[in-house]
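Okay, structure first, notes after.
Sequence lines set the chain letters: A, B, ... in the order given, protein chains first and strands last, and positions in each chain run from 1. All values below come from the heavy atoms of this structure, side chains included, with hydrogens, waters and symmetry mates left out.
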2 protein chains.
Amino acid sequence: MVRQPSVAAQHREPLTRDRIIEAALHIVDGQGLGRLTMRRLGDALEVEAMAIYHHLPRGKEELLDGLVAHVAVLPAEARSADWRAALRSWADAYRARLLAHAGVLPLLVTRRNPAALSGTTASLREILRQAGLPEQSAADGAHALLGYVIGHAALEVRDTAAAEESVDWHARFSAGLALILRGLPT
Amino acid sequence: MVRQPSVAAQHREPLTRDRIIEAALHIVDGQGLGRLTMRRLGDALEVEAMAIYHHLPRGKEELLDGLVAHVAVLPAEARSADWRAALRSWADAYRARLLAHAGVLPLLVTRRNPAALSGTTASLREILRQAGLPEQSAADGAHALLGYVIGHAALEVRDTAAAEESVDWHARFSAGLALILRGLPT
DNA sequence: ACCTGAACACCGTTCAAGT
DNA sequence: ACCTGAACACCGTTCAAGT
């Protein structure tokens, strides 16, 4: 089974920032963060590792920043009806995204790409503000929500590895989330 | 200023697991996780890097596991009087420890050393159980607390780097914590 | 403009050798 | 038992060179 060599191999998909970051995410999801190297990433893209630097001048730093942005940016949508329901469905989606890309979690917990979370945080704050909370409480609540979701996802990833007794993690996550949502004044 | 060479330099402090891990933590706190290398750690201990393997056979893996244990293990003490106050003071102490060793945070968010958090989690669960919560709610609450503290610390470390407007992080942390504690039924 | 190939400084780790 | 020194395979990155 020889792969078609052909002249077409010469004009392959052009290398782009997005293609590079997607390929990197694929490696991290499949093999773990530790196996993401510039050389392996080059192989996956059928290109020499050094070609990547042309599209990401800051090199691996910029690559990891891109991964963080790709995973962490997920603003909450304000449905007019029930703001608690809106926050619940955002939290479920965010948790799912973090678990799907658990290898990126350690990067999210670094000083790396500090602006990556600001859009998401702002969307939470805005929902709480529209729900009638004063500015300060809305800001505090937004951080409580985001912090809880990230922290809980981290615990899930860890304890899933420990493989202790079987736990309904989604139920546990929802229970903790309910504590916070209940505490937020109407 | 020449440091005493002397014959005493030959019998220096013997290398131990604890000394190694403390030196590693010192490097991480002072220079960041990325600069913790076996060779640099050897230099700090005035020993060849390869000597470390004699005390940590699993090498760098075991070293990082040791850092996680050193930072993450901090059980809550049950004061009989007010369980909410006990949890608050544990949370403050845990947050302070995570912020003091922010470089270790990314390691805490990995599959690494899965047992490291179990003692701390158990202590929280026990306090909630003694406060009268049913088994399940106590377990859920313990995870909510630990998840929130870890996640919020991660946000603080990130946003402190971003250096946006000045924020009273301790007040914000306490506000979020209060939401959870208020939600936990008596 | 976009990619390659060789080179450099650095990693974690193995292994035989010293004491 | 404890540590050293040389070696190996692998990193990220620079830079001159190709097209």
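Residues His143(B) and Arg172(A) approach most closely at CE1-NH1, 3.0 Å, considering heavy atoms.
Here His55(A) reaches the OP1 or OP2 of dC3(C): one of its side-chain N or O atoms lies under 4.0 Å away.
In this structure, His70(A) places its NE2 atom where only 12 or fewer heavy-atom neighbours from other residues, nucleotides or ligands lie under 6.0 Å away.
When rounded to the nearest whole Å, the span between NZ of Lys60(A) and C1' of dC11(C) equals 12 Å. Spacing between atom CZ of Arg35(B) and atom P of dG12(C) amounts to 12 Å, rounded to whole angstrom units. Rounded to whole Å, the distance from CG on Leu56(A) to P on dC2(C) is 13 Å. Spacing between atom CD of Glu46(B) and atom C1' of dT4(D) amounts to 16 Å, rounded to whole angstrom units. Computed from coordinates, the Met38(B) CE to dG5(D) P distance equals 17 Å when rounded to whole Å. Atom C1' of nucleotide dG12(D) and atom CG of Leu36(A) are separated by 12 Å, given to the nearest angstrom. When the P atom of dG5(D) is taken as reference, atom CG of Asp43(B) falls 12 Å away, rounded to whole Å. We find that CG of Leu45(A) is positioned 14 Å from C1' of dC2(C), with the value rounded to whole Å.
Salt-bridge check for Arg19(A) with Glu22(A): failed, with every basic side-chain N at 4.0 Å or more from each acidic carboxylate O.
Relative to the side chain of Val47(A), the nucleotides dT13(D), dG12(C), dT4(C) differ in distance, and dT4(C) lies closest. For Met50(B), the listed nucleotide lying nearest its side chain is dT4(D); candidates were dC15(D), dT4(D), dG12(C). With dA7(C), dC3(D), dC3(C) as the choices, the nucleotide that has an atom nearest any side-chain atom of Leu15(A) turns out to be dC3(C).
Across all strands shown, Arg40(A) has heavy atoms under 4.0 Å from sugar-phosphate atoms exclusively, and none from any base.
Between atom CG of residue Leu133(B) and atom CD1 of residue Ile127(B) there is a gap of 11.5 Å, rounded to the nearest 0.5 Å.
Ring-plane geometry between Tyr148(A) and His152(A) is classed as tilted, the angle between the planes lying from 30 to 60 degrees on a 0 to 90 degree scale.
Shown here, dA16(D) forms a base pair with dT4(C); the pair counts as Watson-Crick or G-U wobble because both key distances fall under 3.5 Å. Taking a pair to require two hydrogen-bonding distances under 3.5 Å in either a Watson-Crick or a G-U wobble arrangement, dA9(C) remains unpaired.
Nearest-nucleotide positions on DNA chain C for Tyr53(B) and Arg39(A) put Arg39(A) closer to the 5' end.
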